[in-house]
Amino acid sequence: MYGVLAIAVTGGLAAAAIVGLDLASAAPARGAGCADVDVITARASTERPGEGITGALVTQIVNSSDQSVSRESVDYPATLQNYQRSSAQGVTALTKQLTDQVQQCPDQKIVLAGYSQGAHVVLDVLGGGGGGLLGAATPPIDPAIASHVSAVATFGDPRHVVDQAFDVGTSTKNGRFPRSAAQLQTLAGFADRVQAFCDARDTFCDSGVSTTVHLTYMNRYKDDATDFVLGKIGG
């Protein structure tokens, strides 16, 4: 019977009708319709839902890649008020979104991108979140899920800590909510897949006084970040 069904399906709708197979009700195959690469973006504080400023990077990756690339964004508040709760909700949302994506498309390469609070969210998912002023510590995502992440690009992360292997930029000071030693140790395992951009005087990632520096990373590093991501996903 199973052999008959297989032959009928490969024969098209007419053959399916012969054996009474309802293709409309058949569940899609695991991995069906998956792009080669999926980019998930967490936007900055106060930006409208969607990719926000980081969308310019995603578009450049999509246009430059030789592979099929899908794109999506994290649904979370991204508010400055109740920042602790907002960022925690972002971590929860991205953890579920990333897990669901890997389960649906197990052969897909995942790229994570985040700006400001979005950068905080992305790296907390991978390294563990919370702690200190941010409340109770939370564990990192399951390593079996994290292993599907091919590249990560973040900008202006308020949890930035200087002298990490994945740090990029001119920053010489920690951010507003520096990560714990344990969180940094976990993130060190992703060092070859992460570029975390932070420049001196950035009001959030460098505890500085310049919001202009914080808001203009795409102007300075979009091409560098694109090249990094393309190198990690294989063009």
Side-chain angles (χ1 to χ4, degrees), residues 23-45 47-78 86-87 89-127 140-157 166 187 190 192-197 217-218 221-235:
L23 289 182
S25 65
R30 189 165 176 256
C34 298
D36 299 319
V37 180
D38 187 57
V39 184
I40 305 176
T41 303
R43 72 192 190 278
S45 300
E47 289 192 300
R48 291 181 178 181
E51 295 172 337
I53 192 173
T54 320
L57 169 65
V58 181
T59 295
Q60 186 157 302
I61 292 169
V62 171
N63 291 341
S64 301
S65 179
D66 297 327
Q67 305 174 74
S68 59
V69 183
S70 54
R71 57 200 294 177
E72 53 187 306
S73 57
V74 182
D75 182 11
Y76 84 112
S86 173
S87 58
Q89 286 180 288
V91 170
T92 298
L94 178 54
T95 298
K96 183 179 186 306
Q97 187 172 359
L98 178 54
T99 301
D100 290 347
Q101 188 66 25
V102 169
Q103 291 175 345
Q104 177 61 35
C105 300
D107 298 323
Q108 193 173 60
K109 289 166 278 192
I110 304 291
V111 175
L112 301 179
Y115 205 111
S116 191
Q117 186 177 167
H120 169 161
V121 166
V122 165
L123 294 178
D124 272 15
V125 167
L126 296 179
I141 197 168
D142 186 332
I145 300 298
S147 66
H148 291 259
V149 176
S150 298
V152 180
T154 64
F155 307 88
D157 174 22
F166 46 82
L187 281 177
F190 298 92
D192 63 333
R193 289 178 273 169
V194 175
Q195 283 196 336
F197 294 88
Y217 284 102
M218 288 299 111
Y221 295 119
K222 182 175 67 175
D223 290 348
D224 290 346
T226 298
D227 289 345
F228 172 75
V229 170
L230 292 176
K232 292 301 176 183
I233 64 175

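Numbers here simply count residues along the sequence, with the first being 1. Because the structure is predicted, anything quoted here is derived from the model rather than measured.
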Which pair of non-hydrogen atoms, one from [X] and one from [Y], has the smallest distance, and what is that distance?
| X | Y | answer |
| --- | --- | --- |
| G127 | P140 | C-CB, 3.8 Å |
| Y76 | G118 | OH-N, 3.3 Å |
| A225 | L57 | CB-CD1, 3.8 Å |
| I53 | Y115 | CG2-CD1, 3.4 Å |

Spacing of [X] atom [atom1] and [Y] atom [atom2] [to the nearest 0.5 Å]:
| X | Y | atom1 | atom2 | value |
| --- | --- | --- | --- | --- |
| D124 | T92 | CG | OG1 | 10.5 Å |
| E47 | T41 | CD | OG1 | 10.5 Å |
| L126 | T95 | CG | OG1 | 9.0 Å |
| M218 | F155 | CE | CZ | 3.5 Å |

Side-chain donor-acceptor contacts of residues 228-235 below 3.5 Å, not counting sequence neighbours, with atom names and distances?
residue : atom : partner : partner atom : Å
K232    : NZ   : D192    : O            : 2.8

Excluding sequence neighbours, so at least two apart, what forms side-chain hydrogen bond (donor to acceptor under 3.5 Å, both in side chains) with [X]?
| X | result |
| --- | --- |
| D157 | R179 |
| Q195 | none |
| D36 | S68 |
| S45 | Q117 |

Any side-chain heavy atom of V111 within less than 4.5 Å of one from V69?
->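 No, their side chains stay 4.5 Å or more apart.
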Once side-chain contact (heavy atoms from CB on, under 4.5 Å) is applied, do any residues pair with [X], and if so which ones, sequence neighbours excluded?
| X | answer |
| --- | --- |
| Q108 | C34, A35, D38, S70, Q101, C105, I110 |
| T154 | A119, V122, L123, V152, A196 |
| D142 | A144, I145 |
| P77 | T79, S86, Q89 |

Which pairs with one or both residues in residues 49-61 pass side chain to side chain donor-acceptor pair (under 3.5 Å), sequence neighbours excluded?
->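 Qualifying pairs: E51-R71, T59-R71, Q60-D223, Q60-T226.
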Hey, do the aromatic rings of Y217 and F197 have their centres closer than 6.0 Å?
->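 Centroid separation for Y217 and F197: 6.0 Å or greater.
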Under the ring-ring contact (aromatic ring centres under 6.0 Å, His included) test, residues paired with F166 that sit two or more places apart =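 In terms of ring-ring contact (aromatic ring centres under 6.0 Å, His included), with neighbours along the sequence ignored, F166 is linked to no residue.
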Side chain to side chain contact (heavy atoms under 4.5 Å, CB included) between L98 and V149, worked out = CA-CA 9 Å; L98 178 54; V149 176; 4.1 Å; yes
Only one of I141, T99, V121 passes side chain to side chain contact (heavy atoms under 4.5 Å, CB included) with L94; say which it is.
->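 By the side chain to side chain contact (heavy atoms under 4.5 Å, CB included) criterion, L94 pairs with just one of I141, T99, V121: V121.
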Residue pairs fulfilling salt bridge (charged side-chain N to carboxylate O under 4.0 Å, His left out) with at least one residue in residues 97-112, sequence neighbours excluded |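 Of all non-adjacent pairs touching residues 97-112, those that pass salt bridge (charged side-chain N to carboxylate O under 4.0 Å, His left out) are K96-D100.
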